[in-house]
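Working notes for the structure below.
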Amino acid sequence: MSKYSSLWEYVQKNGNQSFKLSFEEIQAIGGTPIDHSFLKYKKELTEYGYKVAKISMKEQTVIFDKID
């Protein structure tokens, strides 16, 4: 089980084609802050039908897109 499993499940249940979450929201949902390991773990998200489209360090947000 990944440390981001609860976040991936949340993203999958969201169901939107594309949406944005702040780092703060991600920490609240997943119970763990975004750190450098997020880059490694993000590939797990494809198993849930989504991908990480963009990570903005300036805005401190992540955009998730549904895989067609």
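- Using a 4.5 Å heavy-atom threshold, the side chains of S22 and Q60 count as separate.
- Between I34 atom CD1 and M57 atom CE the span is 8.0 Å, to the nearest 0.5 Å.
- Tracing side-chain contacts under 4.5 Å through hydrophobic residues (I, L, V, M, F, W, Y), one never reaches I63 starting from I26; they form parts of separate clusters.
- The two residues W8 and S2 make their nearest non-hydrogen contact at NE1-OG, 4.0 Å.
- In this structure, the side chains of L21 and V62 stay at 4.5 Å or more apart for every pair of heavy atoms.
- How far CG of L7 is from OH of Y48: 10.0 Å, rounded to the nearest 0.5 Å.
- Two residues are said to be in side-chain contact when any heavy atoms from C-beta on lie closer than 4.5 Å; V11 and F19 meet this criterion.
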Apply side-chain contact (heavy atoms from CB on, under 4.5 Å) to the pair L45 and K51, showing each step before the final yes or no.
-> CA-CA 6 Å; L45 187 54; K51 65 180 180 179; 5.6 Å; no
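- Using a 4.5 Å heavy-atom cutoff, the side chains of V52 and F64 are in contact.
- D68 CG to Q17 CD: the interatomic distance, rounded to the nearest 0.5 Å, is 5.0 Å.
- The cluster map of Ile, Leu, Val, Met, Phe, Trp and Tyr, joined by side-chain heavy atoms under 4.5 Å apart, puts I29 and Y41 in the same cluster.
- Across all their heavy atoms, K3 and D35 have their closest contact at NZ-OD2, 3.0 Å.
- A donor-acceptor pair under 3.5 Å is absent between the side-chain atoms of E59 and the main chain of S56, judged by distance alone.
- At a threshold of 4.5 Å between non-hydrogen side-chain atoms, the residues K20 and T61 count as touching.
- A 6.0 Å sphere centred on CD of E44 holds more than 12 heavy atoms belonging to other residues, nucleotides or ligands.
- Note: the hydrophobic cluster containing Y4 also contains F23 (ILVMFWY, side chain heavy atoms under 4.5 Å, direct or indirect links).
- In terms of heavy atoms, Y50 sits closest to N16 at OH-O, 2.7 Å.
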